[in-house]
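Read through the structure below, which is laid out as structure tokens, and then see the notes.
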Amino acid sequence: MQPMPAHRRPKLSDAAGVSAGGGDDRLSALPDDLLIHILLKLQDAPVAARTSVLARRWRRVWALLPELHFPDGTDSDGIRAALAVHDAPAISLLSVAAIKATPESVAAWLPIDACRLSGVLDFRNRGTMDETSAASPLKLPCFQNATKVVLDLDSIGLTLPPSGIFTRLAELVLTSIHLHGPCSISDVVSSSRCPSLQRLVVSSVKGLDKFTIHSESLLELVLSGLPGLHQLNVVALALKDLAVRGCFTDALNRGQHIANISAPQLVTLDWKSSYDPSSVQLGEMAHLQQLTTQYLIVYGQYVFSAHNRHCLMLLQRFDHIRRLVLYLVYAPLQVNGRFLMEEMTNFPNITSLTLNVVACSHSFGASSFHVLSMSSGVRELEIRLVDLPSEHEALASVCQSGCICAEPSNWETKELVLHCLKEVVISGLRGTEHELAFVKRLFNWTTVLKRMTVNFRVSMTESKAKELRQQLLSFSRPRICMKFLQHGKACSFD
Ligand SMILES: *[C@@H]1O[C@H](CO)[C@@H](O)[C@H](O)[C@H]1NC(C)=O
Ligand SMILES: *[C@@H]1O[C@H](CO)[C@@H](O)[C@H](O)[C@H]1NC(C)=O
Ligand SMILES: *[C@@H]1O[C@H](CO)[C@@H](O)[C@H](O)[C@H]1NC(C)=O
Ligand SMILES: *[C@@H]1O[C@H](CO)[C@@H](O)[C@H](O)[C@H]1NC(C)=O
């Protein structure tokens with residue numbers, strides 16, 4: 001038999017057309033699970049539903065899809081209608097990206113699947129909300145079978161279910177939400193109602209002034225952008241990672257007791273918030289390996305010195321930490337400010353140091369020298385040269401001749417021996433004079449350096465990278481292995 005010419009071969013749409021008429025088509029020969037696989041590839045519930053209009057068989061299969069994606073801007077009537085005809089016994093993923101949703105519109109579909117949701121709910125809303133939505137907040141159903149719930153609501157008001165157990169919930173992410181009573185988040189996330197919770201993220205949530213969690217299962221807790229929080233109690237015996245960023249800002253001046261953390265298995269602590277041993281109680285943390293602290297302002301007046309004190313007091317809390325992550329920030333730079341790093345006199349014993357330097361084109365030699373002179377036992381050093389986040393760019397000041405960043409200048413001549421330092425990684429290098437002067441000195445301070453890896457700025461031209469490489473090699477010594485990367489890959493000339 002002659003092969004069929006290409007233009008006569010049946011297409012998927014032909015087949016679907018036949019099937020719509022109820023004929024025995026080629027698609028019907030496919031088993032249900034293969035059809036489900038094809039529909040899942042469409043990744044988008046309205047498209048899958050439209051496809052299913054083509055064929056009764058497809059529609060039946062669509063209704064069995066375990067994963068439902070409603071892309072950007074699907075209206076809530078569409079979601080409601082789709083969920084109403086959808087009758088898979090369990091939904092493993094329900095993903096909705098709404099635009100300007102209101103609590104009323106979400107309430108039309110969200111409770112439908114509270115029982116059937118056996119996996120992940122990912123609901124994100126975008127677009128400014130009017131004030132009226134705060135008056136009638138969305139009621140979150142109790143998802144007894146869900147394993148993960150992500151809600152990023154762009155300020156929609158939300159109330160939590162006053163009863164019910166989230167039996168299988170392992171991960172809960174709440175972002176940009178305005179929480180309303182009467183049930184508080186503290187009542188929901190502890191082991192009594194969330195016995196499987198392992199990861200909890202609460203970020204930019206309004207209406208949260210006190211938070212208490214008692215959890216036996218929790219492994220990771222992230223609290224960020226909660227300036228109004230003024231009381232935090234954590235009792236989490238299995239907790240490994242804790243991040244508390246941008247919290248307690250409003251409680252700071254009241255001098256009250258703000259936090260009590262009991263997490264004896266903690267491995268990493270990222271505390272970019274106020275800290276004072278009289279108002280924050282960090283229980284025993286014998287297994288702590290990594291500490292990240294609040295930003296340190298390098299030059300400034302009294303208010304910045306007060307700001308830095310939180311970081312310095314936190315450093316004093318620990319004698320020994322494997323890895324320390326610090327931020328040195330050169331903004332805002334005041335003409336009559338002073339070098340605030342001198343107030344840093346105590347340092348834990350560390351083996352690995354990461355310095356995130358936000359230099360805003362200033363020389364960072366003096367501040368880095370000061371930190372390194374107190375970490376003489378360090379074996380690994382990573383220096384990340386980073387920019388101010390764009391929303392703070394206005395704070396950056398220009399480095400002109402006679403700039404305060406030249407002081408104190410002892411780092412240019414004073415001896416420093418980093419007798420354990422074997423490995424250095426520098427990222428974000430642009431190749432400015434200030435940067436090169438520092439790297440040159442850094443070689444001089446090391447005695448057993450084995451390897452230096454330099455990641456050039458992503459925007460750097462190849463010819464500039466070549467030139468810099470020559471310069472850096474000229475500072476190096478024969479036994480040091482130098483590696484140059486750009487975009488995370490070895491430079492082509494390397
Ligand atoms: C939760 O899942 C279990 C097993 O997967 C099932 O037996 C139970 O009916 C589900 N619960 C609800 C409320 O759907
Ligand atoms: C902090 O919490 C621990 C453990 O729950 C408790 O024993 C201690 O009394 C609390 N401290 C304060 C000051 O509340
Ligand atoms: C720091 O740790 C090292 C190695 O564990 C030890 O030899 C040294 O004495 C410690 N220094 C201080 C000040 O605790
Ligand atoms: C560092 O520089 C001094 C002189 O400025 C020199 O004596 C010393 O040997 C240098 N050290 C290393 C490790 O290069």
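Order of appearance sets the numbers: ligands from 1, and atoms from 1 within every ligand. Values reported hereafter were calculated over all heavy atoms of this structure, with side chains retained and with hydrogens, waters and symmetry mates removed.
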>> Please tell me whether Phe339 and Tyr299 form a close aromatic pair, meaning their ring centres lie under 6.0 Å apart.
In response: yes
> Under 4.0 Å between a Lys/Arg side-chain N and an Asp/Glu carboxylate O for Arg309 and Asp276?
Replying inline: no
>> Could you go through Leu221 and Asp241, starting from their C-alpha distance and side-chain angles, then the distance that decides it, and tell me whether this counts as side chain to side chain contact (heavy atoms under 4.5 Å, CB included)?
In response: CA-CA 6 Å; Leu221 174 61; Asp241 304 298; over 6 Å; no
> Which residue supplies the protein heavy atom nearest to atom 5 (O) of ligand 2, what is that atom called, and how far is it?
Replying inline: Val235 CG2, 3.8 Å
> Quick one: nearest non-hydrogen protein atom to atom 8 (C) of ligand 2, plus distance?
Replying inline: Asn260 ND2, 3.7 Å
> Any chance the rings of Trp109 and Phe70 have centres within less than 6.0 Å?
Replying inline: no
>> Could you identify the single nearest non-hydrogen protein atom to atom 13 (C) of ligand 2 and state the distance to 0.1 Å?
In response: Gln281 OE1, 3.1 Å
